[in-house]
**Q** 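Here you go, one structure.
Nothing here was measured: the structure is a model prediction, and the numbers come from that model. Just so it is clear, the values below take in all heavy atoms, side chains as well, and ignore hydrogens, waters and symmetry mates. Proteins come first, then strands; the chains are lettered A, B, ... in the order of their sequence lines, and each starts at number 1.
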Amino acid sequence: MSDTANGSSTTKEPETRPDVSGVDGDATDKELEAMKARVKEMEEEAAKLREMQAQVEKEMNLTEEDKEAVDARSVYVGNVDYSATPEELQAHFQSAGTINRVTILCDKWTGHPKGFAYVEFAEPDLVANAMALNESLFHGRQIKVTPKRTNVPGMSRGRGRGRGGYRGGYYGYNPYGFRPRGRGRYRGY
DNA sequence: GTTGAGCGTT
């Protein structure tokens, strides 16, 4: 509350003020302006936070549904050539229908491609069409097209989920014993 | 200076 320092600004104000309202009034005005500015900033921050929150909640709501829905729309492509690109895969599976996304999985640590990919279609019906491309020749190799399933292979395919508490969670097996960091996966589109 | 089973996320 000292009139000597306005605080925020280092700008020196010239004393030549045609304003006859008095210095006190001017100071009050300035404080009011500063306050308004602060309020505005706070409002902006609040809005930003609110938006972020809404987005998070929205994503949270969609996550479960989409996660399961995406699995129904996606197919697993195995035996993919290491030099294959998502565009080629997309070109290959485009004949089945509209492709939402093509993702080639690569090892995040070594960077080497794992040799398989996912093709996410726009609708689950196209997955059946994609089955026609099963064991089709791609890069001189016969790719394997199977409906995607989220879990480690080798486990009995008898519906293991639904009984245990594994609902919506991964089976949490990472061969590195560490949490993956960075994004080394190659994504087309 | 690599090899062929593998199920990912924004």
**Q** Which nucleotide in the list B:dG4, B:dG8, B:dG6 gets nearest to the side chain of A:Tyr76?
**A** B:dG6

**Q** Whole Å only: how far is the OH atom of A:Tyr118 from the C1' atom of B:dT9?
**A** 10 Å

**Q** Between atom CG in A:Leu105 and atom C1' in B:dG8, what is the gap in whole Å?
**A** 5 Å

**Q** Nearest whole angstrom, please: distance from the C1' of B:dA5 to the CZ of A:Arg141.
**A** 12 Å

**Q** Need to verify one output field. Residue with the more 5' nearest nucleotide on DNA chain B, A:His112 or A:Glu120?
**A** A:His112

**Q** Under 4.0 Å from OP1 or OP2 of B:dT9: is there any side-chain N or O of A:Lys148 that close?
**A** no

**Q** Whole-Å distance between B:dT10 C1' and A:Glu68 CD?
**A** 16 Å

**Q** Please report the distance, rounded to the nearest Å, between CG in A:Asn100 and C1' in B:dG8.
**A** 14 Å

**Q** Take atom NZ of A:Lys114 and atom P of B:dT9, then tell me their distance rounded to the nearest Å.
**A** 7 Å

**Q** A:Arg101 CZ to B:dT10 C1': how many Å, rounded?
**A** 6 Å

**Q** For A:Gly115 and for A:Ser74, locate the closest nucleotide of DNA chain B by heavy-atom distance; then report the residue assigned to the nucleotide nearer the 5' terminus.
**A** A:Gly115

**Q** How are the rings of A:Phe138 and A:His92 set relative to one another: parallel (under 30°), tilted (30 to 60°) or perpendicular (over 60°)?
**A** perpendicular

**Q** Are the side chain of A:Asp71 and the backbone of A:Arg149 linked by a donor-acceptor contact shorter than 3.5 Å?
**A** no

**Q** Quick one: which of B:dG4, B:dT9, B:dG6 gets closest to the side chain of A:Asp71?
**A** B:dT9

**Q** Which residues pass the side-chain hydrogen bond (donor to acceptor under 3.5 Å, both in side chains) test with A:Ser83, sequence neighbours left out?
**A** A:Asp81

**Q** Please tabulate, for side-chain N and O atoms in residues 119-132 of chain A, each donor-acceptor pair with protein atoms closer than 3.5 Å (sequence neighbours left out).
**A**
| unit_1 | atom_1 | unit_2 | atom_2 | d |
| --- | --- | --- | --- | --- |
| A:Glu120 | OE2 | A:Asn100 | ND2 | 3.2 |
| A:Asn129 | ND2 | A:Ala96 | O | 3.3 |

**Q** Is the ring of A:Phe116 stacked on the base of B:dG6, with centres less than 5.5 Å apart and planes under 30° off?
**A** no

**Q** Please check if the side chain of A:Asn79 supplies one atom and the backbone of A:Gln142 the other of a donor-acceptor pair under 3.5 Å.
**A** yes

**Q** Whole angstroms only, please: what is the CZ-P distance between A:Arg73 and B:dT9?
**A** 19 Å

